[in-house]
Amino acid sequence: MAEALRLAERGLHSTSPNPRVGCVIVRDGERVGKGWHERAGEAHAEVHALRAAGARAAGATAYVSLEPCAHHGRTPPCTDALIAAGVRRVVAAMQDPNPAVSGRGLAQLAEAGIETACGLLGEAALALNCGFVSRMQRGRPWLRVKLATSLDGRTALSNGTSQWITGAAARADGHRWRARSCAVLTGIGTLLADDPQLTVRAIRTDRQPIRVVIDSQLRTPLGARVLEGGRTLIYCADASPERTAALQARGATVLSLPDESGQQVDLWAMLRSLADQGVNEILSEAGATLNGALVASGCADELLVYLAPRMLGHLARSGLELPDYESLEAPPRWTMADVRQLGDDLRVILRPASA
């Protein structure tokens, strides 16, 4: 199963909106076939593994990182292929998170006389597909908030200079997280200050993420680099017809989702909108205002923090604008899910303690 999960990781950048899945087929203690879901719309992991195994799949055990599908989508059900191949046993790391189909694949295999089991390395399988699971079960993508900060929690000097707080290894790692994300999110403040591209450049990838901009009053310049090539979504609160037409003429899609005040974008509605478009994982690379709003509102599922061994001082800019809490019990608590060194910097992954 560990090998099946490693195979699934090969589709980290290419399977969206589908999950990342790997499969290993074993007969008499020998691996006779393996495969992974390489990209959306193409054959699933089980089909690739069965093709590699050929006749040796009969009587074998298939280890799959996700319950085999039992429904027709863009490809036929994998359960049919496993049954036809004469597989004796199927071990899945986790059930399909889609409530409409969860358990149906394993049930169909059991009805055909195939022994089934589920749960082996389930936590690792869940981590690999946290965005797909979130979209299926919660109706919204998994949202990571990225921060590159000094030891004293600052992301830029008081004059706005921020390149580069962290080293090359940390910046390349950030591009790897961009590459696995379906969308990269930023706010109008960052757009106006830095004119970012929000594309993957430090590593090779066949797919660029969707660029998403929160721009309540549609101030995005028509010459902004996020409008060059690829797909760009702009969420606003005040959809001026003239500005909307001008931005759409530059290739952007403008969506109006005002909150109750009518002045800001409804962040939760934005997440649901992105889920409806097949977005599994979002990486927020925004400034203190938007990142703070995402954290304070509970939208953030994970913090991706790159910590540089330097201090910028109390006049430097903070990475998060949060409420003025009146007690130490009020701020949300986070747990460290992973800590590792990248060059001279530390990368810390945090998740809400309540999750």
Kindly give the heavy-atom pair with the smallest separation between [X] and [Y], and that separation in Å.
X: Ala125; Y: Leu5; result: CA-CD2, 3.7 Å
X: Cys23; Y: Val64; result: SG-CG2, 3.9 Å
X: Ala275; Y: Gly139; result: CB-O, 3.4 Å
X: Ser256; Y: Ala239; result: CB-CB, 3.8 Å
X: Met311; Y: Asp152; result: CA-OD1, 3.5 Å
X: Ala237; Y: Gly262; result: CB-O, 3.7 Å

Should [X] and [Y] count as side-chain neighbours, where that means a heavy-atom distance under 4.5 Å?
X: Asn18; Y: His37; result: yes
X: Arg178; Y: Arg201; result: yes
X: Asp238; Y: Pro258; result: no
X: Asn280; Y: Cys130; result: no
X: Gln264; Y: Ser216; result: yes
X: Leu198; Y: Pro209; result: no
X: Leu233; Y: Ile210; result: yes
X: Leu147; Y: Leu304; result: no

Check whether [X] and [Y] end up in the same hydrophobic cluster, where Ile, Leu, Val, Met, Phe, Trp and Tyr are linked by side-chain heavy atoms less than 4.5 Å apart.
X: Ile234; Y: Leu290; result: no
X: Val21; Y: Val91; result: no
X: Trp142; Y: Trp268; result: no
X: Leu312; Y: Val305; result: no

Discussion item. To the nearest 0.5 Å, what is the distance between CH2 on Trp177 and CD on Glu285?
Written reply: 12.5 Å
Item to complete: To the nearest 0.5 angstrom, please state how far the OG atom of Ser65 sits from the CH2 atom of Trp36.
Response: 13.0 Å
Worksheet entry | Test applied, side chain to side chain contact (heavy atoms under 4.5 Å, CB included); reference residue, Arg140; option that passes from Leu274, Val279, Asp301 | Asp301
Discussion item. Side chains of Ser261 and Gln263 only: does a donor on one sit below 3.5 Å from an acceptor on the other?
Written reply: no
Worksheet item: Gln208 and Thr199: side-chain donor and acceptor closer than 3.5 Å?
Response: no
Practice prompt. Decide, yes or no, whether a salt bridge links Glu329 with Arg333 under the criterion of side-chain N to carboxylate O below 4.0 Å.
Written response: yes
Worksheet item: Are Asp96 and Arg104 within salt-bridge range, i.e. N to O under 4.0 Å?
Response: no
Worksheet entry | Check: Gln95 side chain, Glu67 main-chain N or O, donor-acceptor pair, under 3.5 Å | no
Discussion item. Heavy-atom count check: over 12 atoms from other residues, nucleotides or ligands less than 6.0 Å from Arg225 CZ?
Written reply: yes
Worksheet item: Just wondering, more than 12 heavy atoms not from Lys34 lying within 6.0 Å of its NZ?
Response: no
Discussion item. Per the side chain to side chain donor-acceptor pair (under 3.5 Å) rule, what does the pair list look like for residues 180-190, sequence neighbours excluded?
Written reply: Arg180-Glu281
Listing, residues 42-50 side-chain donor-acceptor contacts under 3.5 Å, not counting sequence neighbours, or none:
residue, atom, partner, partner atom, Å
His44, NE2, Thr75, OG1, 3.3

Item to complete: If a pair satisfies ring-ring contact (aromatic ring centres under 6.0 Å, His included) and one of its residues is in residues 300-350, list it, with sequence neighbours excluded.
Response: none
